Amino acid sequence: MPELPEIEVLKGEIKARVVGRQIVTVDVSDPNVINMSPEMFASTLAGKKITGAGRRGKMLLIYLEEGLCLIIHFMLFGRIRLSPEVGEGAQVVLNLDDRRCLFFSQLALGAGVHLHQGEEIDSLPQVTKLGVDALSRELDFEQFTRMISRSKAKIKALLMDQSFISGIGNTYADEILFEAKINPERSGKSLGSEEILAVYRPLKNMLVEAITAGGAGSDDFAHLDGSKGGFIPKVHGLEDKPCLVCGLGIRKTKVGGRGTYYCPQCQNYFRRSG
DNA sequence: CAATCGTCCTGCGGGC
DNA sequence: TGCCCGCAGGACGATT
């Protein structure tokens with residue numbers, strides 16, 4: 001499922017390949033995923049030029065002429081694709097002036113393509129709720145330490161809490177904690193300064209590396225052209241596979257109701273690293 | 001078929 | 001005692 005790096009990759013692709021194009025017509029075959037009548041949606045978008053792209057947490061922004069903005073949340077399986085032909089299962093199709101179309105599919109569980117005025121975006125409830133962006137310079141080590149050490153919640157739950165830090169989902173939370181050698185069940189409060197640094201470093205670095213790699217290589221993410229990213233998880237989704245560091249089997253549990261993968265040896269709960 | 005995913009919401013209980 | 005916070009559990013919908 002698309003997290004911060006995947007959205008960032010899509011944002012770059014929109015900027016490189018779609019900005020400057022004009023939307024000619026719009027087809028909506030699933031009105032559930034938009035936030036107004038299909039007629040209003042289509043007539044508002046028709047004739048508008050695509051002017052930019054952005055991101056808020058795990059949401060993709062597509063800016064248009066006249067201050068309009070599409071805000072897209074992909075949730076679990078949502079897809080966006082740029083192609084000369086509309087793919088199967090397209091729910092919303094933007095037909096562009098170069099005969100290509102930008103279309104969305106597999107939007108479910110409240111995922112959607114919502115049209116707003118650009119200046120409204122940062123007042124939307126789903127945006128105001130977001131905590132500091134994981135890649136923001138504002139989230140420096142001091143700030144991160146303050147936030148983590150104040151909380152009794154489990155570190156994995158904290159990393160995934162979008163109102164706390166935005167952009168990190170289940171996959172990268174597991175990968176960051178594996179890299180940090182910190183057990184996902186440890187509370188924020190229980191972490192010493194070195195341990196917090198051990199989480200902070202991969203938090204910043206891994207997200208950047210994943211963007212550079214073109215996002216996740218998993219089946220649930222694809223680029224605008226359908227190709228996959230190159231980021232391969234070391235623990236997430238790899239139950240019973242040998243840990244790349246110690247060779248012990250990777251274990252799966254639940255933390256905060258989410259499937260959680262970790263190495264019981266490298267991420268021993270009682271391990272103390274300092 | 002049932003588990004799963006991310007988000008939102010509700011209700012419970014522990015701890016300050 | 002009262003309040004806040006963490007967290008479990010359910011709803012949602014489609015995919016594996």
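The figures that follow rest on heavy atoms only: side chains count, while hydrogens, waters and symmetry mates do not. None of these values were measured; they are calculated from a predicted model. Below, chains carry the letters A, B, ... as their sequence lines are ordered, and counting in each starts from 1.
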Exercise. Going by distance alone, is a donor N or O of one side chain under 3.5 Å from an acceptor N or O of the other, for Asp27(A) and Asn95(A)?
Worked result: yes

Problem set entry | OG-CD1 distance between Ser187(A) and Ile155(A), expressed to the nearest 0.5 angstrom | 9.0 Å

For this session: Give a yes-or-no answer on whether the side chains of His236(A) and Asp174(A) include a donor-acceptor pair shorter than 3.5 Å.
Result: yes

Problem set entry | Parallel, tilted or perpendicular: ring planes of Phe144(A) versus Tyr200(A), cut at 30 and 60 degrees | tilted

For this session: Give the rounded distance in Å between these two atoms: CD1 of Ile148(A) and P of dG6(C).
Result: 11 Å

Seminar exercise, completed: Comparing nearest nucleotides in DNA chain C, the 5'-proximal residue of the pair Val255(A), Ala108(A) is Val255(A)

Problem set entry | Short side-chain N/O contact to dC5(C) OP1/OP2 from Ser151(A), under 4.0 Å | no

For this session: For nucleotides 2-16 of chain B, just jot down a letter per nucleotide in 5' to 3' order: B, S or -, based on protein non-hydrogen atoms under 4.0 Å.
Result: --SBBB---------

Exercise. In whole angstroms, how far is the C1' atom of dG6(C) from the CD1 atom of Ile155(A)?
Worked result: 14 Å

For this session: Please figure out whether Gln106(A) or Lys154(A) has its closest DNA chain C nucleotide nearer the 5' end.
Result: Lys154(A)

For this session: Locate the shortest heavy-atom distance separating Cys101(A) from Glu85(A); write the atom from each residue and the value.
Result: SG-C, 3.8 Å

Problem set entry | d(CG, Leu158(A); P, dC7(C)) in whole Å | 8 Å

Exercise. Are Ile250(A) and Tyr262(A) close enough, and set up right, to give a side chain to side chain contact (heavy atoms under 4.5 Å, CB included), and what steps lead you there?
Worked result: CA-CA 6 Å; Ile250(A) 288 161; Tyr262(A) 70 104; over 6 Å; no

Exercise. Could you give the NZ-to-C1' distance, from Lys189(A) to dG6(C), as a whole number of Å?
Worked result: 12 Å

